[in-house]
Amino acid sequence: MAEKSWVRMVTAQTPTNIAVIKYWGKRDETLILPVNDSISVTLDPAHLCTTTTVAVSPSFDQDRMWLNGKEISLSGGRYQNCLREIRAQACDVEDEEKGIKIAKKDWENLHVHVASYNNFPTAAGLASSAAGFACLVFALAKLMNAKEDNSELSAIARQGSGSACRSLFGGFVKWIMGKAEDGSDSLAVQLVDEKHWDELVIIIAVVSSRQKETSSTTGMRDSVDTSLLLQHRAKEVVPKRIKQMEEAIKNRDFGSFAQLTCADSNQFHAVCLDTCPPIFYMNDTSHRQVAYTFDAGPNAVLIAHNRKAATQLLQKLLFYFPPSSDADLNSYVIGDKSILKDAGIEDMKDVEALSPPPEIKNAQRSKGDVSYFICTKPGRGPVLLSDESQALLHPETGLPK
Ligand SMILES: Nc1ncnc2c1ncn2[C@@H]1O[C@H](COP(=O)(O)OP(=O)(O)OP(=O)(O)O)[C@@H](O)[C@H]1O
Ligand SMILES: C[C@@](O)(CCOP(=O)(O)OP(=O)(O)O)CC(=O)O
């Protein structure tokens, strides 16, 4: 290592993902090995993403992390497992410009600083742990010059949070459950990239962005312990559904895709009902042009076949769920706002003037029930941000900016 003190930094951005065939249940709690394969769609990081800066310096005396500006402890098993696994893959690093030379063996004694920011609510059912752990592992791998490809990195991110392994890729992603006891074959692979089916539009109705009462980790542990339906699902249902879903995605067959996505969301919640108190359902959505899926929380994720279907859907959603009187439209529909324009909605007057869907008699409007809507689409996988101004740590001190 060079004598003088230096800071080496890397910043990365990683998307969230939403499962269309759900992961629910572990066969190994520590390694985070699932009881079934799962498939997800990666969401456009332009609307929902995690940005993480990792830094290393001989002047750091311990590993430290700041999440959304607040220092958090890295002592938890999941962070420790990710840090240990990625350190084991670290290689020589040479940065001639900055005069930095780190030998493979030095990494054992060097400490890292991590600063991460989620541009959406944390621990509220919007998969912050997925984007967060994927970003942490991806950024550390680049900092440490690890040679692993994204699938191999996904097996490390998996040990932070299961669903995180699927955020190492864009487009549609499959998490292969694997068979090996050490978890080495439980990893994510990309099925198709984000360009394959780019007419899809995803609208998330954020019903609650408060922290959840039952975490996915606890919920799925209880399901594994008590739900017979979970055993049947993992053995009999998911293996067939995974094959059908792969076909539907490959052929851009929206009918099959929607049917499988809704059926899997329903079965996942049926497993929850077989285990624990019921979770909010949204069940009046058309299956023809829109698919729905709910994770472990009340937020509805709606996938529309194309822009036209998304425009009509947004009009209906805003009819049924207008914002509360004091909200402004700009913060009520976020993400890709161009769909609002297509729907001919420019201000609150337009929302008030929306007419009920013709097929519904005596339609009731539920003002204020939805906190806000996010309009997004399938997106790309992790990227490095080379512009130092986007780093969350100070280039000289390695402390949060
Ligand atoms: N950017 C991040 N970097 C590292 N870890 C993160 C990051 N964001 C969240 N986490 C970790 O994930 C935890 C939240 O995970 P949790 O599963 O409770 O919520 P969620 O992922 O937002 O919701 P869900 O899993 O239901 O979609 C946080 O307490 C933190 O430990
Ligand atoms: C309902 C889900 O979102 C569950 C996600 O669970 P997590 O990945 O958050 O759980 P841990 O592995 O315990 O961290 C379905 C899915 O994403 O497949």
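All ligand and atom numbering here is 1-based and tracks the order in the structure.
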In V290, V201, I202, the residue satisfying side-chain contact (heavy atoms from CB on, under 4.5 Å) with L302 is V290

Provide the number and element of each atom of ligand 1 under 4.0 Å from a heavy atom of [X].
| X | value |
| --- | --- |
| S116 | 1 (N), 2 (C), 3 (N) |
| S216 | 25 (O), 26 (O) |
| M65 | 3 (N), 4 (C) |
| L67 | 1 (N), 2 (C), 7 (C), 8 (N) |
| N118 | 1 (N), 2 (C), 7 (C), 8 (N), 9 (C) |

Can you measure from [atom1] ([X]) to [atom2] ([Y]) and round to the nearest 0.5 angstrom?
| X | Y | atom1 | atom2 | value |
| --- | --- | --- | --- | --- |
| L191 | I249 | CG | CD1 | 5.5 Å |
| S116 | L67 | OG | CG | 6.0 Å |
| F254 | H305 | CZ | NE2 | 6.0 Å |
| I86 | L153 | CD1 | CG | 5.5 Å |

Checking heavy atoms under 4.0 Å, the part of S161 that sits near ligand 2 is both

Quick look: H269 vs ligand 2, heavy-atom contacts under 4.0 Å, and the answer is neither

ask   = If only atom types and distance count, is the side chain of K337 paired as donor or acceptor with the main-chain N or O of N330 below 3.5 Å?
value = yes

TODO: Check for a donor-acceptor pair, side chain of T42 on one end and backbone N or O of F169 on the other, with a separation under 3.5 Å.
DONE: yes

Using a 4.0 Å cut-off to any heavy atom of [X], which atoms of ligand 2 qualify?
| X | result |
| --- | --- |
| I32 | 12 (O) |
| K26 | 11 (P), 12 (O), 13 (O) |
| T217 | 11 (P), 13 (O), 14 (O) |
| R78 | 11 (P), 13 (O), 14 (O) |
| G162 | 8 (O), 11 (P), 12 (O), 14 (O) |
| A296 | 1 (C) |

Under a 4.0 Å threshold between the charged nitrogen and the carboxylate oxygen, would [Y] count as salt-bridged to [X]?
| X | Y | value |
| --- | --- | --- |
| K349 | E352 | no |
| R233 | D264 | yes |
| D342 | K308 | no |

Looking only at side-chain N and O atoms, does [Y] offer a donor or acceptor that is under 3.5 Å from a partner on [X]?
| X | Y | result |
| --- | --- | --- |
| R78 | N81 | no |
| D387 | S389 | yes |
| T50 | N118 | yes |
| S186 | W175 | yes |

Kindly confirm or rule out an N or O of [X] lying under 3.5 angstrom from an N or O of ligand 2.
| X | answer |
| --- | --- |
| K22 | no |
| W24 | no |
| A19 | no |
| N17 | no |
| S38 | no |

Region of [X] that comes within reach of ligand 1 [heavy atoms, distance under 4.0 Å]:
| X | answer |
| --- | --- |
| I72 | neither |
| S129 | both |
| S128 | both |
| R78 | neither |

Just go through [options] and tell me whose heavy atom is the nearest to [atom].
| atom | options | answer |
| --- | --- | --- |
| atom 6 (O) of ligand 2 | M220, R166, R158 | M220 |
| atom 27 (O) of ligand 1 | A164, A139, A127 | A127 |
| atom 7 (P) of ligand 2 | S265, S163, C165 | S163 |
| atom 10 (N) of ligand 1 | F120, Y79, W66 | Y79 |
| atom 3 (N) of ligand 1 | G160, G132, A130, C49 | G132 |

- Message: I'd like to know whether ligand 2 has W175 as a neighbour, heavy-atom separation below 4.0 Å.
- Response: no

**OP:** Verify salt bridge (charged side-chain N to carboxylate O under 4.0 Å, His left out) between E247 and K250, making sure each step is shown before the conclusion.
**Re:** CA-CA 5 Å; E247 271 306 292; K250 194 174 90 194; 3.3 Å; yes

### Message
Go through it in stages, so that I can follow the logic: the residues are S184 and D182, the test is side-chain hydrogen bond (donor to acceptor under 3.5 Å, both in side chains), and I'd like the CA-CA distance, side-chain angles, deciding distance and then a yes or no.
### Response
CA-CA 6 Å; S184 53; D182 67 356; 2.7 Å; yes

